[in-house]
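Worksheet: the structure to be examined is printed underneath.
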Amino acid sequence: MRQTFRRFTSEDVSAQNQVKASVQRRIRQSIAEEYPGLEPVLEDLLPKKSPLIVVKCQNHLNLVVVNNVPLFFNIRDGPYMPTLRLLHQYPNIMKKFQVDRGAIKYVFSGANIMCPGLTSPGGALDEEVGGEKPVAIMAEGKQHALAIGFTKMSAKDM
């Protein structure tokens, strides 16, 4: 499972553009399909009247920004994933994996999460998660997600 975990500065931004209405509709539709739990608040998060800005950053990272607030990101035209701040506001929009307590400091240091950290006592998998899907990474004994990951294989294969 890969994760991106760092701070951004203005030097990381290569371009930012207000997207056309057709692109905005496509982004909204993609987010609505990936996160059906956001349906009731999607209009508040991504209002049709507010300009939607796509900020292109280094390493093929795109941020979706509304009213100067980054809400979603994607890497190399992959699926849109919520920012941690948005995930903390709406914690039930994603499937969850849980790492054991021993993995927390390594995840914070940027380590990839391996199967043993999820399958050991204290770890937990959502059996319905397939391969190549975004998931919230929770930690044993903690309330909020500590990272957002992207699975390389399905939970059943792990």
Side-chain angles (χ1 to χ4, degrees), residues 1-99 103-104 106-113 117-118 124-126 128-152 155:
M1 182 177 323
R2 263 190 37 228
Q3 59 167 330
T4 303
F5 203 37
R6 56 181 291 233
R7 289 203 181 275
F8 289 95
T9 63
S10 57
E11 289 91 48
D12 295 315
V13 175
S14 57
Q16 59 182 12
N17 302 314
Q18 182 175 334
V19 295
K20 296 187 290 189
S22 60
V23 176
Q24 188 170 346
R25 275 194 304 275
R26 202 164 52 243
I27 290 172
R28 284 174 58 90
Q29 180 181 358
S30 174
I31 290 169
E33 287 172 4
E34 187 72 41
Y35 306 104
L38 275 179
E39 186 76 37
V41 295
L42 196 58
E43 184 57 40
D44 295 334
L45 289 176
L46 303 171
K48 291 179 179 161
K49 300 287 186 208
S50 293
L52 190 130
I53 310 282
V54 173
V55 178
K56 295 183 184 287
C57 301
Q58 296 174 354
N59 300 324
H60 307 280
L61 178 77
N62 298 316
L63 299 171
V64 175
V65 179
V66 176
N67 299 325
N68 292 325
V69 178
L71 297 175
F72 293 91
F73 68 95
N74 74 343
I75 301 169
R76 293 189 186 268
D77 297 323
Y80 287 97
M81 296 180 267
T83 61
L84 267 178
R85 185 168 290 171
L86 184 65
L87 185 58
H88 289 174
Q89 285 179 313
Y90 303 100
N92 296 319
I93 61 172
M94 297 181 82
K95 300 281 186 190
K96 295 176 174 71
F97 281 6
Q98 179 175 298
V99 296
I104 296 172
Y106 297 107
V107 173
F108 279 145
S109 298
N112 288 337
I113 299 168
L118 298 167
L125 296 171
D126 184 328
E128 297 174 12
V129 177
E132 306 293 320
K133 295 289 181 191
V135 291
I137 307 299
M138 309 302 283
E140 178 184 10
K142 304 295 180 192
Q143 179 184 354
H144 294 292
L146 65 119
I148 295 169
F150 193 73
T151 60
K152 290 296 182 184

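Owing to the predicted nature of the structure, the values given are computational and were not obtained by experimental measurement.
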Just how far is it from atom [atom1] of [X] to atom [atom2] of [Y], taken to the nearest 0.5 Å?
| X | Y | atom1 | atom2 | value |
| --- | --- | --- | --- | --- |
| Leu71 | Ile27 | CG | CD1 | 11.5 Å |
| Met81 | Lys133 | CE | NZ | 12.0 Å |
| Met138 | His144 | CE | NE2 | 8.5 Å |
| Ile113 | Leu146 | CD1 | CG | 6.5 Å |
| Asn112 | Tyr106 | CG | OH | 14.5 Å |
| Leu52 | Gln24 | CG | CD | 4.5 Å |

Identify the two heavy atoms, one from [X] and one from [Y], that lie closest to each other, and give their separation to 0.1 Å.
| X | Y | value |
| --- | --- | --- |
| Pro79 | Asn74 | O-CB, 3.4 Å |
| Ala32 | Leu42 | CB-CD2, 3.7 Å |
| Tyr35 | Pro134 | OH-CG, 3.6 Å |
| Ile104 | Glu140 | CD1-O, 4.5 Å |
| Val65 | Pro70 | CG2-CA, 4.1 Å |

Residues 35-53 vs salt bridge (Lys or Arg N to Asp or Glu O under 4.0 Å), sequence neighbours excluded, gives Arg28-Glu43
Are [X] and [Y] close enough that some pair of their side-chain heavy atoms sits under 4.5 Å apart?
| X | Y | result |
| --- | --- | --- |
| Ile53 | Val19 | no |
| Thr151 | Phe97 | yes |
| Asn59 | Ile75 | no |
| Ile93 | Pro82 | yes |
| Tyr90 | Pro40 | no |
| Leu45 | Leu86 | yes |

Can you check whether Ala145's main-chain N or O pairs, donor with acceptor, with Lys96's side chain at less than 3.5 Å?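 The answer is no, because no donor-acceptor pair under 3.5 Å joins these two groups.
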Go through the steps for Ile137 and Ile148 under the test side chain to side chain contact (heavy atoms under 4.5 Å, CB included), then give the verdict. CA-CA 6 Å; Ile137 307 299; Ile148 295 169; over 6 Å; no
Side chain to side chain donor-acceptor pair (under 3.5 Å) contacts in which one or both residues fall within residues 77-88, not counting sequence neighbours: none
